[in-house]
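Remember, predicted model here, so these are calculated numbers, not experimental data. Just so it is clear: chains get the letters A, B, ... in the order the sequence lines come, proteins before strands, and each one is counted from 1.
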There are 2 protein chains.
Amino acid sequence: MSQRILVVDDDPGIVAAISPALRAQGYDVAIASDGEAALHLFQQYAPDLILLDLVMPALNGIAVCQQIRQHSATPIIVVSVKGAEADIVTALDNGADDYLVKPFRLSELLARIRAVLRRGQTTQARIYCADLVIDTNRRVVLREGKLVNLTPIEYAVLAELVAHRDGVVTARQIVQRVWGPQYLDSTDYVKGVIRRLRTKLEPDPSHPRYIITEPYVGYRFNDSATIQESAE
Amino acid sequence: MSQRILVVDDDPGIVAAISPALRAQGYDVAIASDGEAALHLFQQYAPDLILLDLVMPALNGIAVCQQIRQHSATPIIVVSVKGAEADIVTALDNGADDYLVKPFRLSELLARIRAVLRRGQTTQARIYCADLVIDTNRRVVLREGKLVNLTPIEYAVLAELVAHRDGVVTARQIVQRVWGPQYLDSTDYVKGVIRRLRTKLEPDPSHPRYIITEPYVGYRFNDSATIQESAE
DNA sequence: GCAATTTTTCACCGGTTTTTCACCGCTCGA
DNA sequence: TCGAGCGGTGAAAAACCGGTGAAAAATTGC
């Protein structure tokens with residue numbers, strides 16, 4: 001389901017320039033040409049982000065900002081020809097999340113949209129993998145719904161593997177990030193921790209599903225939950 | 001309790017211009033003059049926001065962004081002389097939350113800081129948790145409807161725990177925020193205060209419900225009033 | 001200035017974690 | 001075929017962490 005953007009601008013030229021570009025990026029776009037319509041559409045359309053012009057008939061941009069902020073935290077990017085310091089400060093202090101002065105570069109607008117939307121995301125905190133749930137926000141790991149007790153080093157190593165899941169992480173990389181650069185040659189640590197992680201996480205520790213050894217390379221966290229039944 | 005900003009810039013002139021202004025606004029300011037120092041201070045100082053220059057010795061701004069984003073969602077505002085479209089897009093797509101081109105207007109920077117910090121806030125004045133009521137506005141704590149007498153330090157530590165309820169707070173973080181960065185290694189303080197808090201708040205201080213120890217990690221304020229009857 | 005409270009300091013205990021080391025089997029390449 | 005290097009295993013030693021108690025030092029209120 002694509003994200004929805006409400007474009008509020010009374011200049012048809014601007015709208016005609018922006019909306020196709022947004023649609024091309026995969027966003028759903030709705031358009032309002034004055035403040036009243038903006039508030040109405042905000043209710044109806046429930047956008048994920050609002051692109052808001054300041055100078056408008058019916059209700060100006062600042063007023064729209066304030067109204068919306070009374071009930072909602074939906075991100076707002078103000079786009080305006082007014083580039084004066086006071087305008088920018090006023091808009092930001094009245095609830096705008098970002099401010100872009102016209103004329104602007106399209107790719108910058110798109111980047112700022114991405115940045116603002118990213119911020120709103122509840123940082124992809126949870127990773128599901130077969131019967132494993134890793135909640136990086138609360139720093140907990142669940143196996144079959146039950147909490148697994150991980151020590152700090154165990155968790156740090158697991159986090160490192162998960163952060164690069166699908167890619168291989170070398171023992172040196174793990175030591176580097178978990179113990180620090182000065183321990184670069186003591187890759188023995190990793191062996192021990194990997195073992196403990198496997199006994200705690202793997203259904204069958206001697207035939208790991210999640211923490212896979214890539215011989216002579218490193219370890220890999222197996223995200224694709226497809227279980228590989230190796231015929232041995 | 002003021003919010004902390006980490007200023008990362010290798011130009012002493014810029015730093016000299018910005019930091020006093022930030023301090024005048026009531027922010028706590030730490031300064032790093034290269035990327036390595038920035039990452040180190042990020043760990044130590046745990047800032048609420050980062051002002052990041054792009055051009056730096058040791059490790060450039062984009063790299064710093066990426067490193068920080070691997071583990072954290074702390075807001076980053078990039079401040080740079082580079083105003084090219086590509087620079088802006090690159091920075092925003094690598095985790096920056098906002099981008100400001102030097103030279104900038106100070107009041108605009110401050111407004112953008114406010115806008116970005118506003119996002120992260122979840123101000124909730126009153127926290128109810130079983131028979132505990134914590135009113136952060138009036139700075140009082142009630143237990144079974146009765147006022148609990150907390151000393152300033154006790155309250156500050158509790159507030160710190162409550163602010164991150166459901167998340168774990170390390171002893172270092174607590175010391176950092178309550179006593180200040182210069183006490184970073186005297187985590188003994190925390191033990192004492194936690195003990196006193198438990199005797200004052202917990203129905204059964206030796207089996208805490210509210211202030212839970214997460215071994216080898218830190219303490220967690222248990223918001224979900226569900227009492228965990230551990231079988232064993 | 002004195003008494004009560006609060007904060008800091010310190011040493012100890014029990015439990016857990018981390019580190020270290022020796023050994024084993026396997027694979028790769030000479 | 002053999003040796004070297006890599007990864008897995010096991011177990012003991014060392015380090016660490018959090019809780020406790022108690023006393024010294026600092027702060028506060030009267």
Side-chain angles (χ1 to χ4, degrees), chain A residues 139 141 147-158 160-161 168-175 177-180 182-202 204-222 230 232, chain B residues 139 141 147-158 160-161 168-175 177-180 182-202 204-222 230 232:
Chain A
R139 210 214 83 115
V141 176
L147 200 135
V148 182
N149 215 11
L150 291 189
T151 69
I153 288 207
E154 285 163 11
Y155 183 84
V157 171
L158 178 64
E160 194 56 27
L161 290 171
V168 184
V169 189
T170 68
R172 285 174 64 89
Q173 278 179 298
I174 293 175
V175 171
R177 294 202 72 96
V178 175
W179 280 265
Q182 62 272 37
Y183 290 80
L184 257 183
D185 292 319
S186 346
T187 49
D188 261 10
Y189 295 168
V190 180
K191 288 201 295 189
V193 178
I194 292 284
R195 173 168 39 142
R196 278 181 280 146
L197 273 175
R198 280 177 175 157
T199 62
K200 289 187 179 179
L201 297 181
E202 299 281 355
D204 177 3
S206 49
H207 299 96
R209 270 195 220 171
Y210 306 124
I211 300 172
I212 311 291
T213 302
E214 298 286 355
Y216 305 95
V217 188
Y219 299 93
R220 179 171 56 81
F221 188 85
N222 189 13
S230 67
E232 32 164 342
Chain B
R139 210 215 84 114
V141 176
L147 199 134
V148 182
N149 209 15
L150 291 189
T151 69
I153 288 207
E154 284 164 10
Y155 183 83
V157 171
L158 179 64
E160 191 57 28
L161 290 171
V168 185
V169 190
T170 68
R172 286 174 66 90
Q173 280 179 298
I174 294 173
V175 170
R177 294 196 85 103
V178 175
W179 280 266
Q182 61 273 34
Y183 290 81
L184 256 181
D185 291 320
S186 345
T187 48
D188 263 10
Y189 296 169
V190 179
K191 288 201 295 191
V193 178
I194 291 285
R195 176 167 34 149
R196 279 180 281 143
L197 274 174
R198 280 177 175 157
T199 62
K200 289 187 178 180
L201 298 180
E202 298 281 356
D204 177 3
S206 51
H207 298 96
R209 270 197 220 171
Y210 306 124
I211 301 173
I212 310 290
T213 301
E214 298 286 356
Y216 304 95
V217 189
Y219 299 93
R220 179 171 56 83
F221 189 84
N222 190 13
S230 67
E232 70 182 297

Original post:
Taking only N and O in the side chain of A:Ser206, is any of them less than 4.0 Å away from OP1 or OP2 of D:dG8?
Top reply: no

**OP:** Kindly give the heavy-atom pair with the smallest separation between B:Leu197 and B:Leu158, and that separation in Å.
**Re:** CD1-N, 4.0 Å

Subject >> Nearest-angstrom distance from the residue atom CD of B:Glu214 to P of D:dG19 >> reply: 12 Å

Original post:
Is there a donor-acceptor pair closer than 3.5 Å between any side-chain N or O of A:Glu214 and the backbone N or O of A:Arg220?
Top reply: no

Subject >> Residue closer to the 5' end of DNA chain D, B:Pro205 versus A:Val217 (nearest nucleotide) >> reply: A:Val217

Original post:
Whole-Å distance between D:dG8 P and A:Arg198 CZ?
Top reply: 5 Å

Subject >> Whole-Å distance separating the CD1 atom of B:Ile194 from the P atom of C:dT7 >> reply: 13 Å

Subject >> salt bridge (charged side-chain N to carboxylate O under 4.0 Å, His left out) partners for B:Arg172, two or more places apart >> reply: B:Asp185

Original post:
Over how many whole Å does the gap from B:Arg172 atom CZ to D:dC16 atom P extend?
Top reply: 14 Å

**OP:** Return the value, rounded to whole Å, for the distance between atom CG of B:Leu197 and atom C1' of D:dG19.
**Re:** 15 Å

**OP:** Using side-chain hydrogen bond (donor to acceptor under 3.5 Å, both in side chains) as the criterion, list what pairs up with A:Tyr219, not counting sequence neighbours.
**Re:** none

**OP:** Write down the atom of B:Thr213, the atom of B:Arg198, and the distance for their closest heavy-atom approach.
**Re:** OG1-NH2, 2.7 Å

Original post:
Given atom CG of B:Asn149 and atom P of C:dA4, what is their separation to the nearest angstrom?
Top reply: 17 Å

Original post:
Donor-acceptor pair, A:Glu202 side chain versus A:Tyr210 backbone, under 3.5 Å?
Top reply: yes

Subject >> Annotated protein contacts, base or backbone, on nucleotides 18-30 of chain C with a non-hydrogen cut-off under 4.0 Å, one of B, S, - each >> reply: BBS------B---

